[in-house]
Amino acid sequence: VHRERPILELLGNVSSDWERCGNYGVVGWETEEAAYRAYGSDLMRFACVLVGFSDAEDLVSTTMNSLLQSDRWRTSDDMRTYAMGALARQASMHHRSFARRRLRETRSVSAISVAEPTLSDPAIWNAVKALPVRQRAVIFLAYWEDQSIAAIATTLGISSGSVKRHLTRARQSLREALDDY
Amino acid sequence: MTTNRAVDDDLTLTLRRLFAEVGDQASPAPGQALPGVRPIRFGFARIGIARFVAMLLSVSTLFIGVRVTETLFAPNEQPTLRLVDIGLLTQMARPVAPTLAFLQEASEQAKPLAVVNVARTFGFPKTLLVIDMRADFVQVELPETLSPVFEGGKLPATKHAWVRANDVRLFQTGDAIEINTAKRTLTASISGKRFTTSIAVSIGGFVESPKGRFQIFEQRLAKNPDGVFGPGELRLTARSPMLETYMGDDPYFIAIQGTNTPSLIGQAVTHGNFRLSNTAWLKLAKLPIGTLVIIR
């Protein structure tokens with residue numbers, strides 16, 4: 001408990017002008033925290049689209065943990081784009097491991113009740129949820145973030161051709177799903 | 001209708017409405033649920049968003065978060081603290097008195113374990129890592145090199161001792177070096193900037209480097225910069241557990257050295273020392289004596 005007290009004042013002989021004391025602000029997480037505070041809700045929205053409401057928080061926290069491990073995020077040109085790309089990459093990994101885990105859990109538990117918020121148009125939401133993760137990421141970036149094909153390709157780290165293909169296929173399956181409905 | 005847009009069709013409105021609603025329905029981002037989240041100061045460590053994310057979301061990372069705050073000051077011989085995980089900020093004490101009395105307890109009546117002549121004691125880093133503090137006393141970590149150089153050669157029973165607060169001057173620093181012997185990398189944090197470099201490590205077996213928390217105690221520049229150690233070596237308070245001397249030289253202190261054979265960097269070839277490129281060594285040479293070195 002005594003560690004919590006302002007020990008520096010307690011001891012009178014503190015030198016504050018030591019040559020390396022200036023490091024104090026630099027070694028913290030100020031840059032990352034500011035970015036996270038600014039873009040946190042955007043990341044959550046993207047995560048919900050990528051993996052659904054129940055796993056979104058997990059995904060964001062896993063991604064943040066890995067982003068904080070390296071200096072790349074801090075030094076990237078656009079921290080928001082970098083975080084979005086990392087989230088999409090994490091989502092594909094997340095999807096693989098979680099699909100297996102969910103299968104196990106479904107077998108052991110007869111009925112899982114996940115509290116999902118009710119949306120005004122469940123048909124389109126179900127159609128989006130039925131898409132592969134990569135296609136969800138592409139349609140989110142295209143329709144919500146208003147990004148160009150080239151920008152989406154940069155964010156996700158894939159080629160422009162792949163982006164176009166994902167976009168076409170996603171649009172096709174969404175239209176089919178909505179027409180059936 | 002900007003030309004930059006990737007899409008422009010009848011789906012747009014439906015999807016935009018959907019994504020807007022998803023964002024409204026989503027729970028707040030982890031850590032943002034708390035009003036006015038600020039980096040928390042635990043002692044001298046600043047653990048901001050990482051700790052909050054860990055606390056709120058996962059039991060396993062919560063454990064890591066707690067462990068970090070605990071081990072920063074706990075008299076723990078295992079280096080559980082990770083430089084890359086948190087903005088590491090260590091509290092150091094520099095002796096201002098010519099002699100330093102190491103006490104077993106934080107009281108004036110305590111019998112000194114030893115009295116060290118700061119200027120003349122070999123292997124003394126001049127700067128000590130602070131473990132704990134009381135009103136008039138500071139608990140410091142005894143450098144391993146100190147043990148054999150006490151007068152009379154008597155080893156202190158503990159790795160930690162108290163010194164009088166008036167005998168030292170306190171300061172904080174973010175500078176540190178972390179060596180990962182498994183990955184064969186060295187990460188240094190110098191004036192807030194970090195860099196990681198590949199190093200040569202010990203061949204293992206009986207010349208394995210010790211693991212733990214150490215300090216730089218001496219910087220030696222080589223007389224011949226083209227020699228085997230390159231520009232010089234940074235001696236650590238770590239001692240080889242097995243080797244007494246090396247090539248008939250001083251006691252075998254583990255050191256961070258440059259090299260004249262860069263092709264060996266990244267391999268397990270040394271007798272316990274760490275060898276890195278000469279440019280990287282010159283960067284490390286800016287670090288002051290007493291800088292924390294974590295070997296894991």
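To find a chain, count down the sequence lines: A is the first, B the second, and so on, and within it residues start at 1. Bear in mind that the values here come from a model prediction, so they are computed numbers and not experimental data. Just so it is clear, the values below take in all heavy atoms, side chains as well, and ignore hydrogens, waters and symmetry mates.
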Calculate, to the nearest 0.5 Å, the distance between atoms [atom1] and [atom2] belonging to [X] and [Y] respectively.
X      : Y      : atom1 : atom2 : result
A:W144 : B:R17  : CH2   : CZ    : 12.0 Å
B:T14  : A:L174 : OG1   : CG    : 9.5 Å
B:Q25  : A:R45  : CD    : CZ    : 11.5 Å

Handout entry: Within-4.5 Å side-chain heavy-atom neighbours: B:L18 and A:L119
Key = yes
Under 4.5 Å from a heavy atom of chain B, the part of [X] involved:
X      : result
A:F46  : neither
A:V163 : neither
A:L141 : neither
A:L43  : neither

Problem - For the student: nearest non-hydrogen atoms of A:Y143 and B:F19, plus distance - result: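 Closest approach of A:Y143 to B:F19, heavy atoms only: CB-CE1, 4.2 Å.
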Practice task
Check A:W125 against B:V22 and note the closest heavy-atom contact, atom names and distance.
Solution key: CZ3-CG2, 3.8 Å
Problem - Pick from A:S120, A:A150, A:A151 with the largest number of heavy-atom pairs that fall under 4.5 Å of chain B - result: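 Of the options given, most contacts go to A:S120.
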Handout entry: Structural part of B:A20 lying under 4.5 Å from a heavy atom of chain A
Key = both
Problem - Test side chain to side chain contact (heavy atoms under 4.5 Å, CB included) applied to A:V128 and B:L15, step by step - result: CA-CA 9 Å; A:V128 167; B:L15 282 173; 4.0 Å; yes
